[in-house]
K.L.:
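Have a look at the structure that comes next, please.
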There are 2 protein chains.
Amino acid sequence: MLSDVMEDYLKAIYYLERDEGAPIGTSRLAEYLDVTAPTVTSMVDSLEERGLVDREKYKGVELTADGETVAVEVVRHHRLLEAYLTEHLDYDWSEVHDEADALEHHISEEFERRVANALGDPEVDPHGDPIPSPDLTPPDEGTGTRLDEHGENERLKVERVSDRDADELAYLQDAGVVPGTVLEITDVAPFGMVTVDVDGDEQSLPESVARSIRVSVATDSDESVVEEA
Amino acid sequence: MLSDVMEDYLKAIYYLERDEGAPIGTSRLAEYLDVTAPTVTSMVDSLEERGLVDREKYKGVELTADGETVAVEVVRHHRLLEAYLTEHLDYDWSEVHDEADALEHHISEEFERRVANALGDPEVDPHGDPIPSPDLTPPDEGTGTRLDEHGENERLKVERVSDRDADELAYLQDAGVVPGTVLEITDVAPFGMVTVDVDGDEQSLPESVARSIRVSVATDSDESVVEEA
DNA sequence: ACTTATGTTTAGATGTGTCTAATCCTTGGT
DNA sequence: ACCAAGGATTAGACACATCTAAACATAAGT
């Protein structure tokens, strides 16, 4: 059996590989997980002994196929839980992340199946992130492009919003920026500050926030859908 | 913060006090939790330092008011989860115990509230055990009497069935012995074997099983209710 | 009251996950 | 090609939860 902590390391490496590419340095992982660098060194050592990561000393770490499978399973649990909490327990999408983090390590296969079934096997969670299939094939995490990579006057549809920061999510929800929203960039200021038009409302987003929103170019069928709360 | 393990010790002491009376001996607790006696000694020591149990060396241990409150909270989580899994995720009552054991330490106050709300604040779980109220007042765990304490020809209503053994529960469910069932004792054989009549079917229950079923004397309004699967 | 059986605690070790302090690589600048 | 700066690893320690083996206390039986 794998500990909660080890699963957290694998999930962290999975996300960092996705967002920043492999290999992941010790101090980056330490910062992400809020532990010290020596702790990461020794933990990564154990993960390597179990064949879950490949590691080159002084270089960094990356997931093996086995490690990725474990990470994908944890991610599946996380995203199913987020979807379930939102759909069936009336949670707000900005509140579900921490609850899912706590529960994701402790649900059985049976629970996973029943939750997926109750939801009708959805393909994405409330933040727009893809829910891995039960066979644990790594999903395509690359949909869309980062909002901060776009320029003025582009009309874009929000595909995904990172689920990691509850405050940020509450703000975005209030601003009407949720998966499915169509917006138009009206201004890109210094330091990456992006101003967007959402259904007539102007919203200014700092670069750090813009980086966590993934968008696609809006097509004609993506008519500026008014969100009903 | 209290560890999962400490919560498990408190819950175990709570149940053992209920069923066997305080104080609880080291080896009884060790057997119940499937650890060795020295492990219990040292753990009980830590619990005492935190003011959660009272302990007298070589005598045994019992919960303080604080310790009981923690235990009752864990029990509330457990029984709410059992009810929720049965009610909303279509689990069978014989399957929910292990799942609830795994999740009970990891749900937030918010989750607890929402689950209770979704269930309409029930008073008992699917096994007939009382669900503690949110203020964590210890519930009355003494409803009913043990089936093995009754004699031939008594007509009894099943109040509660212990949730600890999944095989036993599956057997009882198959036999139609669930909370609410009205049965009549037709025979009490040596070694405590109890034979009961459930809706015309004769069922023989070993003493260990009879001990885990709590019953009350059936009244006229408890008409032999046919269970619909 | 003595002795023995049973149950409890102490002593000492192990594995996991974490830390700080110290040492050791690697790499970029000159 | 050197050296300084920054990152990474080693060394050593600690808290937690567990174990086995040994010592100890209590209670029960003669």
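The figures here come from the full heavy-atom set of this structure, side chains too, leaving out hydrogens, waters and symmetry mates. Residue numbering restarts at 1 for every chain, and letters A, B, ... go by the order of the sequence lines.
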K.L.:
Find the distance A:Ile24:CD1 to D:dA8:P and express it as a whole number of Å.
P.N.:
11 Å

K.L.:
Could you tell me whether the phosphate oxygens of C:dT18, OP1 or OP2, come under 4.0 Å of any side-chain nitrogen or oxygen in A:Tyr9?
P.N.:
yes

K.L.:
Would you mind reading off the distance between A:Leu29 atom CG and C:dT18 atom C1', rounded to a whole angstrom?
P.N.:
15 Å

K.L.:
Any side-chain N or O of A:Ser3 below 4.0 angstrom from OP1/OP2 of C:dG17?
P.N.:
yes

K.L.:
Using the side-chain heavy atoms of B:Arg55, tell me which of these nucleotides is nearest: C:dT9, C:dT26, C:dT8.
P.N.:
C:dT9

K.L.:
Reckon B:Ser27 has a side-chain N or O less than 4.0 Å from the OP1 or OP2 of C:dT8?
P.N.:
yes

K.L.:
Can you tell me how far C1' of C:dC25 sits from OH of A:Tyr58, to the nearest Å?
P.N.:
5 Å

K.L.:
At under 4.0 Å, does any side-chain N or O of A:Thr39 touch on OP1 or OP2 of C:dC19?
P.N.:
yes

K.L.:
Using atom CG of B:Leu33 as one end and atom P of D:dC19 as the other, report the distance to the nearest whole Å.
P.N.:
10 Å

K.L.:
Of the candidate nucleotides D:dT9, C:dT27, C:dG17, which contains the atom at the shortest distance from the side chain of A:Lys59?
P.N.:
C:dT27

K.L.:
Reckon A:Lys57 has a side-chain N or O less than 4.0 Å from the OP1 or OP2 of D:dT10?
P.N.:
yes

K.L.:
Can you measure B:Glu56 atom CD to C:dT8 atom P for me and round it to whole angstrom units?
P.N.:
13 Å

K.L.:
Less than 4.5 Å apart, side chain to side chain, heavy atoms only: is that true for A:Ile185 and A:Val194?
P.N.:
yes

K.L.:
Side-chain contact test, heavy atoms from C-beta onward, threshold under 4.5 Å: evaluate it for A:Ile131 versus A:Pro122 and give yes or no.
P.N.:
yes

K.L.:
With a distance cut-off below 6.0 Å to the six-membered ring centre and an angular limit of 45° from the axis, does B:Arg164 pair with B:Tyr15 as a cation-pi contact?
P.N.:
no

K.L.:
Would you call A:Arg214 and A:Glu159 a salt bridge, taking side-chain N to carboxylate O under 4.0 Å as the test?
P.N.:
no

K.L.:
Does the gap between the ring centers of A:His106 and A:His77 come in under 6.0 Å?
P.N.:
no

K.L.:
Could you give the CD-to-P distance, from A:Glu31 to D:dG6, as a whole number of Å?
P.N.:
16 Å

K.L.:
What is the nucleic acid contact for A:Arg28, judged by heavy atoms within less than 4.0 Å: base, sugar-phosphate only, or nothing?
P.N.:
nothing

K.L.:
Between C:dT10 atom C1' and B:Met43 atom CE, what is the distance in whole Å?
P.N.:
18 Å

K.L.:
Identify whether any heavy atom of B:Ser42 sits under 4.0 Å from a base atom; if not, whether one sits that close to sugar-phosphate; answer base, sugar-phosphate or nothing.
P.N.:
base

K.L.:
Between D:dC16 atom P and B:Leu47 atom CG, what is the distance in whole Å?
P.N.:
12 Å

K.L.:
Hey, does the side chain of B:Thr41 come within less than 4.0 Å of C:dT9's phosphate (OP1/OP2), counting only N and O?
P.N.:
yes

K.L.:
Would you tell me if any nitrogen or oxygen in the side chain of B:Thr36 comes within less than 4.0 Å of OP1 or OP2 on D:dC19?
P.N.:
yes

K.L.:
Go nucleotide by nucleotide along DNA chain C from the 5' end; which of B:Val40 and A:Asp34 gets its closest nucleotide reached first?
P.N.:
B:Val40

